[in-house]
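Ligands are counted one by one from 1 in listed order, and the atoms in each one are counted from 1 as well.
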Amino acid sequence: MPQHSPHAIPEGDPFGPDALPYGVFTTPDAPDHPRIGVRHGAFVLDVATAAAEHGSPYADLLDQPVLNPLMAAGRPVWEAVRAEIRGLLDAGVLPGGYARSLDEVTLHLPFEVADYVDFYASEHHASNVGRIFRPDSEPLTPNWKHLPIGYHGRAGTVVVSGTDVVRPRGQRKAPSDAAPSFGPSLRLDIEAEVGFVVGTPSPGPVPLEAFRDHVFGVCLVNDWSARDIQAWEYVPLGPFLGKSFATSVSAWVTPLEAFDAARTAPPSRTYPLLPYLDDSASPEPGGLDLRLEVRINGEVVSRPPFSAMYWTAAQQLAHMTVNGATLRTGDLFASGTVSGPEPDQLGCLLELTGGKGPWLADGDEVVITGWAPGRDGSRVGLGEVVGRVRPATA
Ligand SMILES: O=C(O)/C=C/C(=O)CC(=O)CC(=O)O
Ligand SMILES: [Ca+2]
Ligand SMILES: [Mg+2]
């Protein structure tokens with residue numbers, strides 16, 4: 001990159017050439033032309049326009065209002081497009097005149113969400129929640145260490161970072177209440193999670209070793225949760241309206257290959273796993289060393305470590321397709337709340353407050369950020385997922 005570029009980014013910026021997450025943006029001068037950009041420092045690189053002006057064979061895939069066509073194109077194309085963008089950076093074509101300040105652009109939901117699945121993969125989170133919701137039972141259900149537990153969420157209410165979240169209304173009934181009541185949730189919570197975005201479809205099961213052929217990239221997720229609605233409705237079918245009102249995702253999807261230096265072994269397994277989940281002989285470790293940070297109204301409340309997750313994303317994908325379920329471009333599966341073993345590593349207020357609150361108040365702003373170790377001590381930024389709570393509608 002030329003030293004004189006007004007868009008040069010500081011040494012060590014987490015959005016340098018090893019990150020290059022994709023997003024979709026518009027500018028005030030072309031509000032009807034959403035297109036794919038790549039984050040570089042505090043800028044969006046207009047790679048759609050750069051590709052068109054430099055005769056790239058991928059220009060059409062980048063001049064799109066969502067990432068889905070690029071995601072559907074498959075791993076060889078994903079790697080070629082990323083190599084081309086890096087080549088344009090190395091040649092000084094980018095940033096050039098293609099950088100737009102993040103302050104001046106609008107970022108959109110980066111992909112059309114097909115199905116949305118949410119898992120429950122942190123042993124620390126699941127044990128803590130079990131103790132709070134089911135104090136008279138074992139914290140972990142007998143199936144927990146044999147399969148990655150999940151549920152199907154609501155794809156249509158996945159919103160991009162920056163979208164306000166309206167406090168949901170619904171039924172709630174505390175054990176001491178004589179009857180259920182209806183009204184705005186009084187126990188609104190967050191869940192800091194990591195999302196995996198499917199690129200290449202599959203007509204059926206995706207074995208562990210095919211994970212990289214199907215998963216395009218990684219985003220941050222806040223799975224907003226109304227604990228009072230959830231606690232009353234979830235028996236016996238699991239989460240429903242307590243979580244379906246909104247799920248926020250980061251505006252950036254970081255390609256999987258940006259995390260090659262962050263791969264790490266998952267925790268050791270308590271029981272041997274059935275062959276379709278057994279990753280003990282996998283050539284590459286299936287865990288990822290991602291470090292999350294949760295801030296509420298500017299104050300850091302937690303730093304959840306993704307490396308502590310019991311189930312890997314590859315195991316989750318293998319499990320959610322093992323019955324023959326097909327996979328579509330745009331399918332999103334989230335890890336489940338990321339919680340570590342320490343009190344300052346818990347990914348939701350339910351755990352951070354021992355189930356007692358305080359919960360989110362109207363006007364509160366929640367910001368989840370994350371990064372991964374990159375090559376040679378660098379950092380790969382995951383962007384942020386931001387949401388502000390608006391009062392319930394009358
Ligand atoms: O244990 C339960 O009853 C449910 C807990 C959850 O909140 C489910 C969930 O969203 C999974 C997660 O994010 O880890
Ligand atoms: Ca969740
Ligand atoms: Mg949700």
Going by atom types only, do E191 and W224 share a side-chain donor-acceptor pair under 3.5 Å? no
Stepwise side-chain hydrogen bond (donor to acceptor under 3.5 Å, both in side chains) test for E351 and S339: CA-CA 9 Å; E351 294 172 84; S339 291; 2.8 Å; yes
What I want to check is whether the side chains of D13 and H40 have a donor and an acceptor closer together than 3.5 Å. no
Short list, please: which atoms of ligand 1 are under 4.0 Å from a heavy atom of E193? 13 (O)
Kindly say whether the aromatic ring centers of H108 and F25 come within a distance under 6.0 Å. no
Return each pair, listed once, that meets ring pair (Phe, Tyr, Trp, His ring centres under 6.0 Å) where at least one residue sits in residues 154-198; pairs must be two or more places apart or across chains. F196-F333
Which ligand 1 atoms, with their elements, are less than 4.0 angstrom from a heavy-atom of F133? 3 (O)
Which atoms of ligand 1 are found less than 4.0 Å from any heavy atom of V129? 1 (O), 2 (C), 5 (C)
Will you find, in the side chains of T49 and D46, an N or O donor that is under 3.5 Å from an N or O acceptor? yes
In ligand 1, which numbered atoms sit nearer than 4.0 Å to a non-hydrogen atom of F119? 11 (C), 12 (C), 13 (O), 14 (O)
Could you identify the single nearest non-hydrogen protein atom to atom 6 (C) of ligand 1 and state the distance to 0.1 Å? Q230 NE2, 3.3 Å
Is it the case that the ring center of H125 lies less than 6.0 angstrom away from the ring center of Y120? yes
To the nearest 0.1 Å, how far is atom 14 (O) of ligand 1 from its closest protein heavy atom, and which atom is that? T337 N, 2.9 Å
Does D223 pair with K243 as a salt bridge, N-O distance under 4.0 Å? yes
Between S302 and D344, is any side-chain donor less than 3.5 angstrom from a side-chain acceptor? no
min-distance protein heavy atom vs atom 9 (C) of ligand 1 -> K243 NZ, 3.6 Å
What are the protein N, O or S atoms, given as residue plus atom name, that sit under 3.0 Å from the Ca ion (ligand 2)? D118 OD2, E191 OE1, E193 OE2, D223 OD2
Element-labelled atoms of ligand 1 that are located less than 4.0 Å from some non-hydrogen atom of R227: 7 (O)
Ring centre gap for Y310 and W144 strictly below 6.0 Å: yes
Ligand 1 atoms in contact with E191 (distance to a heavy atom under 4.0 Å): 7 (O), 9 (C), 10 (O), 12 (C), 13 (O)
Report the nearest protein non-hydrogen atom to atom 2 (C) of ligand 1: residue, atom name, distance rounded to 0.1 Å. Y120 OH, 3.5 Å
Aromatic ring centroids of F133 and Y234 under 6.0 Å? yes
Can you list the ligand 1 atoms lying under 4.0 Å from a non-hydrogen atom of R134? 1 (O), 2 (C), 3 (O)
Pair F119 and W311, ring centroids less than 6.0 Å apart: no
Decide whether an N or O pair under 3.5 Å exists between H125 and ligand 1. yes
Need the ligand 1 atom indices (1-based, order shown) with element for anything under 4.0 Å from a heavy-atom of D118. 10 (O), 13 (O)
